[in-house]
2 protein chains.
Amino acid sequence: MPPADPPGFELPLLLFAGFRALIDELHAELATRGHPDARPVHGFAMQAIGPAGATASEVGRRLGVSKQAAGKTVDRLAALGYVERVDDPHDARRKLIRLTPLGLDMLAQSAEIFDRLRARWVEKLGAERVTSLESSLRTVVPATGFPVDVPGWFG
Amino acid sequence: MPPADPPGFELPLLLFAGFRALIDELHAELATRGHPDARPVHGFAMQAIGPAGATASEVGRRLGVSKQAAGKTVDRLAALGYVERVDDPHDARRKLIRLTPLGLDMLAQSAEIFDRLRARWVEKLGAERVTSLESSLRTVVPATGFPVDVPGWFG
DNA sequence: GTAAACTCGTCAACGTGGTTGTCGAAACAG
DNA sequence: CTGTTTCGACAACCACGTTGACGAGTTTAC
């Protein structure tokens with residue numbers, strides 16, 4: 001019953017492995033549902049755009065990255081057909097980014113798949129332990145505005 | 001009281017936020033202890049190398065990335081002084097990668113900082129909830145050989 | 001009303017962490 | 001001895017992030 005990892009490393013590794021497991025299964029499943037080119041970053045960005053749309057600068061702020069980085073991600077999303085850019089009639093500088101029906105479908109499918117994956121965790125652990133895990137994490141993570149602050153944390 | 005996030009998205013977001021919080025604090029603290037250029041990837045790679053050393057191909061397999069990618073990471077680690085390459089006398093093709101004293105120091109500091117961060121979680125949640133969180137995750141993540149499979153999951 | 005300040009999107013250059021394909025040299029299996 | 005495998009390296013490429021600069025449009029201050 002060894003702490004196979006040096007004690008300190010286990011907690012971050014477990015969190016990462018849990019996240020990875022969910023994300024990998026999400027994308028494997030998304031691929032079979034008409035979204036083979038979706039990537040983790042796309043989901044984050046599209047949630048930052050939201051149903052009401054947003055500008056690239058706004059997306060950058062919500063995601064904690066530069067507006068240039070957000071702009072490039074929007075380029076890729078647009079190339080995949082997940083979003084479209086629309087001129088803002090009230091401000092000639094701004095270009096509103098809006099989710100396309102394809103983008104909304106991707107988001108809806110993701111939510112449905114995540115629900116299914118969470119249900120699998122409940123099967124293995126019981127509902128009480130899963131809600132306990134969630135509430136523990138909610139307590140300990142610094143509450144950020146949008147979903148989560150996702151800077152260039154690995155680059 | 002709101003499930004501010006669409007229900008399905010919250011669990012992966014919490015896991016990611018928890019991981020991020022630990023990693024960010026680790027590197028902020030590492031920077032003040034003589035390791036300002038350390039990156040998350042470096043820690044993973046150096047753990048894959050291990051105290052006994054390893055070849056680049058081996059590191060790649062343990063990390064779940066190509067030998068070329070592992071080789072490039074080793075290049076960067078070597079440039080920072082964290083590892084060194086040594087010719088293998090028994091096999092002229094192989095070059096053993098070994099942790100330098102600086103590399104070992106970085107790993108030791110990391111373990112110590114992670115212990116401290118975990119202690120902070122225990123302060124907030126109590127020891128029982130933290131061990132419960134860990135055991136829940138251990139149950140639900142597919143046990144991988146090395147620390148964790150870390151492919152090009154975000155790229 | 002005009003001048004200054006700010007904001008938006010974009011372009012360019014670059015760093016880092018991945019990928020595939022190719023290759024010569026060395027080791028191994030028959 | 002010959003064929004297969006493995007090692008490390010090189011090259012080209014992609015995704016995602018960074019700074020810095022810039023023109024154009026909007027806002028604020030005077």
Side-chain angles (χ1 to χ4, degrees), chain A residues 16 20 23-24 27 36-46 48-49 53-80 82-98 149-155, chain B residues 16 20 23-24 27 36-46 48-49 53-80 82-98 149-155:
Chain A
F16 183 63
R20 268 302 303 273
I23 292 292
D24 287 352
H27 283 91
D37 296 322
R39 291 164 161 286
V41 167
H42 300 160
F44 281 104
M46 288 170 65
I49 292 165
T55 66
S57 292
E58 245 172 311
V59 171
R61 281 191 294 269
R62 291 178 190 174
L63 255 32
V65 303
S66 65
K67 60 179 181 176
Q68 293 93 328
K72 282 206 252 180
T73 296
V74 168
D75 287 344
R76 285 165 206 133
L77 287 174
L80 290 171
Y82 286 137
V83 304
E84 56 185 356
R85 280 187 232 250
V86 183
D87 286 336
D88 183 334
H90 301 319
D91 187 335
R93 294 168 307 176
R94 291 162 45 99
K95 285 180 189 164
L96 232 229
I97 299 153
R98 280 194 321 212
D149 203 34
V150 194
W153 60 288
F154 227 90
Chain B
F16 183 62
R20 268 301 305 271
I23 291 292
D24 287 352
H27 283 91
D37 297 321
R39 291 166 160 286
V41 168
H42 300 159
F44 282 104
M46 287 169 65
I49 293 166
T55 67
S57 292
E58 246 172 309
V59 171
R61 280 191 296 267
R62 291 178 190 173
L63 253 34
V65 302
S66 65
K67 61 179 180 176
Q68 293 92 330
K72 281 207 255 182
T73 297
V74 168
D75 286 345
R76 287 166 201 133
L77 286 175
L80 291 170
Y82 286 137
V83 304
E84 57 185 355
R85 281 186 232 251
V86 183
D87 287 335
D88 183 334
H90 301 321
D91 186 337
R93 294 169 309 176
R94 291 163 43 100
K95 285 182 189 161
L96 232 228
I97 299 152
R98 280 195 320 213
D149 201 35
V150 194
W153 59 287
F154 226 90

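So that the names make sense, note that chain A is the first sequence line, chain B the second, and so on, each numbered from 1.
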Open item on the list: I want to verify a distance call: between dG8(D), dG17(D), dC8(C), whose nearest atom is closest to the T55(A) side chain?
Closed with: dC8(C)

TODO: For A69(B), answer base if it contacts any base atom (sugar-phosphate contacts may also be present), sugar-phosphate if it contacts only those atoms, and nothing otherwise; contact means non-hydrogen atoms under 4.0 Å.
DONE: base

Open item on the list: Just N and O in the side chain of T73(B): are any of them under 4.0 Å from OP1 or OP2 of dG18(C)?
Closed with: yes

TODO: Would you indicate which nucleotide in dG8(D), dG9(C), dC11(C) comes nearest to any side-chain atom of K67(A)?
DONE: dG9(C)

Open item on the list: For P89(A), is there any backbone N or O sitting under 3.5 Å from a side-chain donor or acceptor partner on D87(A)?
Closed with: no

Task: Donor-acceptor pair under 3.5 Å, Q68(B) side chain vs dG17(C) base - done: no

- [ ] Assign K72(A) to base, sugar-phosphate, or nothing according to its heavy-atom contacts below 4.0 angstrom with the strands shown.
- [x] base

TODO: Could you check whether S66(B) gets within reach of a base, just the sugar-phosphate, or nothing at all, counting any heavy atom under 4.0 Å?
DONE: base

TODO: Return yes if some donor-acceptor pair links the side-chain N/O of H42(A) with the main-chain N/O of R39(A) below 3.5 Å, else return no.
DONE: yes

TODO: Return no unless some side-chain N or O of R76(B) is found under 4.0 Å from OP1 or OP2 of dG17(C).
DONE: yes

Open item on the list: Here's a test of your reading of the structure: between R93(A) and A70(A), which maps to the more 5' nucleotide of DNA chain D?
Closed with: A70(A)

Open item on the list: If you compare all heavy atoms of A48(A) against all heavy atoms of A54(A), which two are closest, and at what distance to 0.1 Å?
Closed with: O-CB, 4.4 Å

TODO: Please confirm whether the backbone N or O of I97(B) pairs with a side-chain atom of R85(B), one donor and one acceptor, at under 3.5 Å?
DONE: no

Task: 5' precedence on DNA chain D between D91(A) and L96(B) (nearest-nucleotide basis) - done: L96(B)

Task: Among dT7(C), dC7(D), dG8(D), the one nearest A56(B) by side-chain distance - done: dG8(D)

Task: Residue R98(A) excluded, over 12 heavy atoms near CZ under 6.0 Å - done: no

TODO: Please determine if a side-chain N or O atom of R39(A) lies less than 4.0 Å away from the OP1 or OP2 oxygen of dG18(C).
DONE: no

- [ ] Check whether any side-chain N or O of R85(B) sits under 4.0 Å from OP1 or OP2 of dA9(D), and answer yes or no.
- [x] yes

TODO: Report the residue (A92(B) or I97(A)) whose heavy-atom-nearest nucleotide on DNA chain C is the more 5′ of the two.
DONE: I97(A)

